[in-house]
Engineer: 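I have a structure here, written as structure tokens, and I will follow up with some questions on it.
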Amino acid sequence: MTIRYSTGAATLLCAVLLSGAAYAVEGEVKIVLPEQPANLDPCRSIRSDIGRIINSNITETLTVIEPEKGTVAPWLAEKWEQVNDLTWRVHLKSGVKFQDGAEFNADAVVKSINRLMNPKLTCDSRSKFGDVKLTPKAVDAQTVEIVSDSPVPIMPTLLGTVQIVSPNMPFDKESNKPVGTGPFVVESASTEEIVLKRDDGYWGAKPDVTRATYVWRNESAIRAAMIESAEADLTPSIAVQDATNPQTDFAYLNSETTRMRIDAQIPPLDDVRIRKALNMAIDWDGMGEALFGKDVLRASQMVVPGVRGHNPDINAWTYNPDEAKKLVEEAKAAGAPVDKEIVLIGRNGFFPNSSESLEAMRSMWQEIGLNVSIRQLEAADWVRYLDKPFPQGRGPTLFQQQHDNNTGDAGFTAPVMYLSDGQYSTIADKDLDARLKKAMAATGDDREKLFQSVFAKVHDEIVADVPMYHMIGYVRVGPRLDWKPDLKTNSEIALREIHFKN
């Protein structure tokens, strides 16, 4: 499902503000998203445009990550134990069925994990496992053993990212008709809206919400106005300049980190002097406060403080345009084709003020002598640049990315971004690969120190990206709802957690 939506911002905003129709049907909610999902396949559910709709609503996971506590809790799995370094045994909840009537059992879980590992599918969720291969098998109807080709000490946490789907879903191709064990099913999906309805046969507690309608508007001001005028009930993402009402607008640390990924093997970006110059040319304090608010945190690496493996000794790049310009001139003198066009790949409606940040960075990069342009894409086109294989003949690119790690462990970030064969990686470094693989197999303090060394090498020596900010999210919630954001809000909005005020 590729959804194309465009409209005149002024016209739509006027219609929103003039409309007197309140969206207040009992038991129903309307949620306004910043962009339309590229599709609804659970393989893609770690992406916010998809996860906010299906995670915990249509599909569920074996375990649940509790980021505030740094723990993992059972969900579709009742318990688990490690049999040996390569094997975990998972005991499943009984009495659960998929929404299409299929039995939730060991065979279904085996098929879901094999679907995740299927090379014919580009499963974003697979990236959480790095290059580890999983071989699941059913021990009995309610017991699964998962064997990996290298140790995975955080397997219970990783299972909290794997959406379990019906065995009747297509195995070799993506589907826009997700079927899981969750409390909601897809009632309809079009280019205008997606509607979920409550499944009254759900195995767990019945949610207060009976129907949820999702629409999308790129402009933050329009999303905020729709809540204010009671055209909708909730929008999970508005810009700081629109968060003006303390009664309805809430800020939260959303565990997202933004970056510009550098296509580090394509000239002139293959020159480390250019990569350093990209980082030094930006007025980080000025841009951060103007576009993302005074509470935004400058990033030096792609995990937030508190995540195991975050390196507190790495200093974020500081604003030094004179030195940046000097580095560009040195690279040019050495033969780097600095006049070659570098394309910034952005995504429409990605996050509040994402487009404005691209404009600001382009201007500052042009000032140090680089030839930079911007290409804004819809989510379905943007994702072609996210995953390997990247588009051939693309030329040098800087790719706008927002990464969510609310799991408490850097293993969910570093391998996919920096391993030579990592799904998002544009670098290849044998020493870094060795450190990453050792870190993924380690536990405790050793694991933390190894990941810290990885982030130090990425930042100081390789300069693989332009880390931007650890983001502060702003949501607007209508007066009908009893709901507040948390660390997971950027990746999921569990409808069962939404209640109505009396």
Side-chain angles (χ1 to χ4, degrees), residues 1 25-31 37 39-45 50-64 73-79 90-116 125 138 140-144 159-171 174-190 193-214 233-234 481-483 488 491-500:
M1 176 179 64
V25 178
E26 184 177 357
E28 299 190 13
V29 296
K30 189 171 187 177
I31 298 173
N39 61 36
L40 292 177
D41 194 282
C43 255
R44 298 281 192 175
S45 68
I50 299 169
R52 281 172 169 161
I53 297 174
I54 71 173
N55 289 354
S56 296
N57 296 325
I58 298 172
T59 55
E60 299 178 306
T61 52
L62 295 174
T63 65
V64 174
W75 195 254
L76 291 176
E78 290 189 331
K79 60 181 181 178
V90 181
H91 304 271
L92 307 178
K93 187 181 293 293
S94 59
V96 176
K97 288 196 174 186
F98 291 96
Q99 294 142 356
D100 61 0
E103 294 289 337
F104 169 74
N105 55 26
D107 289 336
V109 171
V110 166
K111 191 168 184 180
S112 282
I113 295 174
N114 284 334
R115 187 178 192 269
L116 173 78
S125 300
D140 57 41
Q142 299 305 125
T143 309
V144 175
L159 293 177
T161 70
V162 180
Q163 305 296 320
I164 302 300
V165 301
S166 168
N168 298 320
M169 280 193 65
F171 187 76
E174 292 185 355
S175 173
N176 289 314
K177 297 179 180 178
V179 180
T181 60
F184 290 86
V185 297
V186 177
E187 181 176 86
S188 62
S190 71
E193 66 180 23
I194 293 170
V195 180
L196 306 187
K197 67 175 181 179
R198 189 174 68 190
D199 179 9
D200 289 335
Y202 177 57
W203 62 271
K206 184 181 295 186
D208 292 348
V209 174
T210 59
R211 179 174 278 103
T213 300
Y214 299 85
D233 295 296
L234 165 66
L481 302 189
D482 180 9
W483 180 86
K488 286 190 174 183
S491 57
E492 70 176 53
I493 302 173
L495 295 172
R496 62 170 171 259
E497 296 176 1
I498 294 177
H499 305 284
F500 297 95

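Hydrogens, waters and symmetry mates play no part in the numbers below; they use all other heavy atoms, side chains included. Just so you know, residue 1 is the first one in the sequence shown, and it goes up from there.
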Engineer: Can you find a heavy atom in the side chain of R211 that is under 4.5 Å from one in the side chain of V209?
Structural biologist: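 They are not in side-chain contact.
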
Engineer: Apply the test side-chain hydrogen bond (donor to acceptor under 3.5 Å, both in side chains) to residues D100 and N168: give CA-CA distance (whole Å), side-chain angles for both, the deciding distance (0.1 Å), then the verdict.
Structural biologist: CA-CA 8 Å; D100 61 0; N168 298 320; 2.9 Å; yes

Engineer: Closest approach of L234 and L481, non-hydrogen atoms and distance?
Structural biologist: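 Taking every non-hydrogen atom into account, CB-CD1, 4.1 Å.
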
Engineer: Output yes when a side-chain donor or acceptor of S491 lies under 3.5 Å from a complementary backbone atom of K488, and no otherwise.
Structural biologist: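 Answer holds: yes.
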
Engineer: Is there side-chain contact between L196 and E187, with heavy atoms separated by less than 4.5 Å?
Structural biologist: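 No - every pair of side-chain heavy atoms lies 4.5 Å or more apart.
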
Engineer: With a 3.5 Å cut-off and no angle check, do the side chains of D199 and Q99 form a donor-acceptor pair?
Structural biologist: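 Not at all, the side chains of D199 and Q99 share no donor-acceptor pair under 3.5 Å.
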
Engineer: For a quick test of reading the model, state the closest non-hydrogen atom pair linking F184 to L495 and the distance between them.
Structural biologist: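 Distance-wise, the nearest heavy atoms are CE1-CB, 3.5 Å.
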
Engineer: Say whether, by atom type as modelled, one donor and one acceptor occur between the side chain of S166 and the main chain of F98 under 3.5 angstrom.
Structural biologist: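 Not confirmed, S166 side chain does not pair with F98 backbone.
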
Engineer: Do C43 and R115 have side chains that get closer than 4.5 Å, going by heavy atoms?
Structural biologist: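 In contact.
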
Engineer: Taking the side chain as every heavy atom from C-beta outward, state whether E28 and T210 have any pair of such atoms under 4.5 Å apart.
Structural biologist: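 They are in contact (side-chain heavy atoms under 4.5 Å apart), so the answer is yes.
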
Engineer: Which pair of non-hydrogen atoms, one from H499 and one from R496, has the smallest distance, and what is that distance?
Structural biologist: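 Reported closest heavy-atom pair: CE1-O, 3.9 Å.
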
Engineer: Please determine whether a side-chain nitrogen of the Lys or Arg among R198 and D200 lies less than 4.0 Å from a carboxylate oxygen of the Asp or Glu.
Structural biologist: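 A salt bridge links R198 with D200.
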
Engineer: Could you grab the distance from atom NZ of K79 to atom CG of L92, nearest 0.5 Å is fine?
Structural biologist: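 Going from the NZ atom of K79 to the CG atom of L92 covers 11.5 Å.
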
Engineer: Just wondering, do I493 and I498 contact through their side chains at under 4.5 Å, heavy atoms?
Structural biologist: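 Sidechains of I493 and I498: in contact.
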
Engineer: Step through the shown structure and confirm whether more than 12 heavy atoms of other residues, nucleotides or ligands are within 6.0 Å of NZ on K97.
Structural biologist: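 No, not enclosed.
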
Engineer: With a 4.5 Å cut-off on side-chain heavy atoms, are K93 and E78 touching?
Structural biologist: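 Counting from C-beta outward, E78 and K93 do come under 4.5 Å.
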
Engineer: Between D41 and K177, does at least one N-O distance fall below 4.0 Å, as a salt bridge requires?
Structural biologist: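 Judged by the 4.0 Å cut-off on N to carboxylate O distance, D41 and K177 do not form a salt bridge.
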
Engineer: Report yes if some heavy atom in the side chain of P74 is under 4.5 Å from a heavy atom in the side chain of T63; otherwise report no.
Structural biologist: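 When only atoms from C-beta onward are counted, T63 and P74 do not touch, as no gap falls below 4.5 Å.
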
Engineer: Looking at A106 and Q142, what are the two nearest heavy atoms and their distance?
Structural biologist: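 Closest approach of A106 to Q142: CB-N, 4.4 Å.
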
Engineer: Shortest non-hydrogen contact from G160 to T61?
Structural biologist: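 For G160 and T61, the tightest heavy-atom pair comes out as O-CG2, 3.5 Å.
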
Engineer: What I want to find out is whether K111 reaches E103 closely enough, with some N-O distance under 4.0 Å, to be called a salt bridge.
Structural biologist: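 No.
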
Engineer: Does P42 offer a backbone N or O that forms a donor-acceptor pair with the side chain of S45 under 3.5 Å?
Structural biologist: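 Yes; judged by distance alone, with no hydrogens or angles, the pair exists.
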
Engineer: List the steps and the verdict of side-chain contact (heavy atoms from CB on, under 4.5 Å) for W75 and V64.
Structural biologist: CA-CA 6 Å; W75 195 254; V64 174; 3.5 Å; yes

Engineer: Quick one: does S190's side chain have a donor or acceptor within less than 3.5 Å of a partner on E193's backbone?
Structural biologist: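 Such a contact is found between S190 side chain and E193 backbone.
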
Engineer: Let me see the working for V185 and I58 under side-chain contact (heavy atoms from CB on, under 4.5 Å), right down to the final yes or no.
Structural biologist: CA-CA 6 Å; V185 297; I58 298 172; over 6 Å; no

Engineer: What pair of heavy atoms forms the shortest contact from I194 to P37, and how long is it?
Structural biologist: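 Minimum heavy-atom separation between I194 and P37: CD1-CG, 3.7 Å.
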
Engineer: Any luck finding a side-chain donor-acceptor pair between T181 and E60 under 3.5 Å?
Structural biologist: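 Short answer, yes.
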
Engineer: Do L62 and V162 have side chains that get closer than 4.5 Å, going by heavy atoms?
Structural biologist: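 Not touching, per the 4.5 Å side-chain cut-off.
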
Engineer: Does I50 form a side-chain contact (heavy atoms from CB on, under 4.5 Å) with N39? I'd like the steps, not just the answer.
Structural biologist: CA-CA 7 Å; I50 299 169; N39 61 36; 3.3 Å; yes

Engineer: Assess whether side-chain contact (heavy atoms from CB on, under 4.5 Å) is satisfied between D233 and I31, documenting all intermediate values.
Structural biologist: CA-CA 6 Å; D233 295 296; I31 298 173; 6.0 Å; no

Engineer: How many angstroms lie between OG1 in T59 and CD in Q163, if you round to the nearest 0.5 Å?
Structural biologist: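 T59 OG1 to Q163 CD: 3.5 Å, rounded to 0.5 Å.
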
